[in-house]
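Bear in mind that the values here come from a model prediction, so they are computed numbers and not experimental data.
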Amino acid sequence: MLFKAVLLFFLFFGFKSIAIFMLSVNLALHLFGKRFFAAFLNQFYVKYNRVADPLKVKLFKELNEMKSSDGKVKILEVGGASGANFAYYTVPAEIDIVDPNPHFIPYLDENKKNYPNLQINPFKQGFGEDLKAAGIADNSVDAVVMTLVLCSVEDQIKCLQEVQRVLKPGGKFFYMEHIIADEGDNLRFVQLALMQGGFWPCLVDGCCTDRDTPKVVNKFGGWSKLDQTKYDLPANTDNDYMFSALRYVLRPHVMGVATK
């Protein structure tokens, strides 16, 4: 709605070239946005893992200590994209990737080659709100992993319901997400402003900067145990100004392990 209002404003005051440019960008996002986003995120994950590395090692410590009756821990990555977490799995594992964007497939297939110790099954297109449609059965996996995913799903509650459905009894849900800043932090106003008119979600394929994920996970309940920690994503030490800008917006984070 805001986009239409701005477009009409420019047309009304005779700024036709600006209006045409805006329409062109909007059309490109609709036609090729997911393809662009897959390429962008594949590169972003490399930079993100550099700053988040010790935190990911800590997050997946329990996963790498898990045992399975058939010798391989069954891991479901929801929104797994091109496999940004594969480097952190040291336990023998069988991995299913469910993601709505099929443009990640070539990046995933290339990345698989780096992890011959992992059994990485073919990409499944699907949504976190309906894992059954992607062929994930009840009580079928030892671990569910989501990293930078709950920011962009349409319904966090439905996703958590599906996580609990597919986990075996005693199975664990591992998550790492950017969240809205606390009250009193000036960044909170920036994050809320970016959500106005759907600007940030349109720019970053549905990503939302205003979600209080730790509160949602805690309030959802149904876990036999829940451990979660809020923290700030460490700053990068190089001169990558684009990543620094993104890191500023996404600085507040939460990571946690929820046991069914």
Participant: Between Gln228 and Pro214, what is the shortest heavy-atom contact and its length?
Facilitator: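 Reported closest heavy-atom pair: NE2-O, 3.0 Å.
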Participant: For the pair Asp185 and Arg251, find out whether any cationic side-chain nitrogen is under 4.0 Å from an anionic carboxylate oxygen.
Facilitator: yes
Participant: Work out which heavy atom in Asn139 is nearest to a heavy atom in Lys168; give both atom names and the distance.
Facilitator: O-CG, 3.4 Å
Participant: Go through the side-chain N and O atoms of Asn49 and Lys56 and say whether any donor and acceptor fall under 3.5 Å apart.
Facilitator: yes
Participant: Cut-off 3.5 Å, side chains only: do Ser82 and Asn111 have a donor facing an acceptor?
Facilitator: no
Participant: For Phe37 and Phe40, take the angle between the two ring planes, folded into 0 to 90°, and tell me which bin it lands in: parallel under 30, tilted 30 to 60, perpendicular over 60.
Facilitator: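 Taking Phe40 first and then Phe37, their aromatic rings sit tilted (interplane angle of 30° to 60°).
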Participant: Stepwise, does the salt bridge (charged side-chain N to carboxylate O under 4.0 Å, His left out) test hold for Lys230 with Asp182?
Facilitator: CA-CA 10 Å; Lys230 293 169 71 172; Asp182 291 334; 2.7 Å; yes
Participant: According to the interplanar angle, ranging from 0 to 90°, do the rings of Tyr89 and Phe60 count as parallel (below 30°), tilted (30 to 60°) or perpendicular (above 60°)?
Facilitator: perpendicular
Participant: With a 4.5 Å cut-off on side-chain heavy-atom distances among I, L, V, M, F, W and Y, is there a chain of contacts connecting Tyr175 to Leu131?
Facilitator: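 Same cluster.
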Participant: Drop me the distance from Ile157's CD1 to Lys219's NZ, to the nearest 0.5 angstrom.
Facilitator: 8.0 Å
Participant: If the plane angle is over 60° it's perpendicular, under 30° parallel, otherwise tilted; pick one for Phe86 and Tyr115.
Facilitator: perpendicular
Participant: Identify the two heavy atoms, one from Phe243 and one from Asp240, that lie closest to each other, and give their separation to 0.1 Å.
Facilitator: N-OD1, 3.1 Å
Participant: Give a yes or no on whether Tyr48 and Val149 share a hydrophobic cluster (residues Ile, Leu, Val, Met, Phe, Trp, Tyr; joining criterion: side-chain heavy atoms under 4.5 Å apart).
Facilitator: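 Different clusters.
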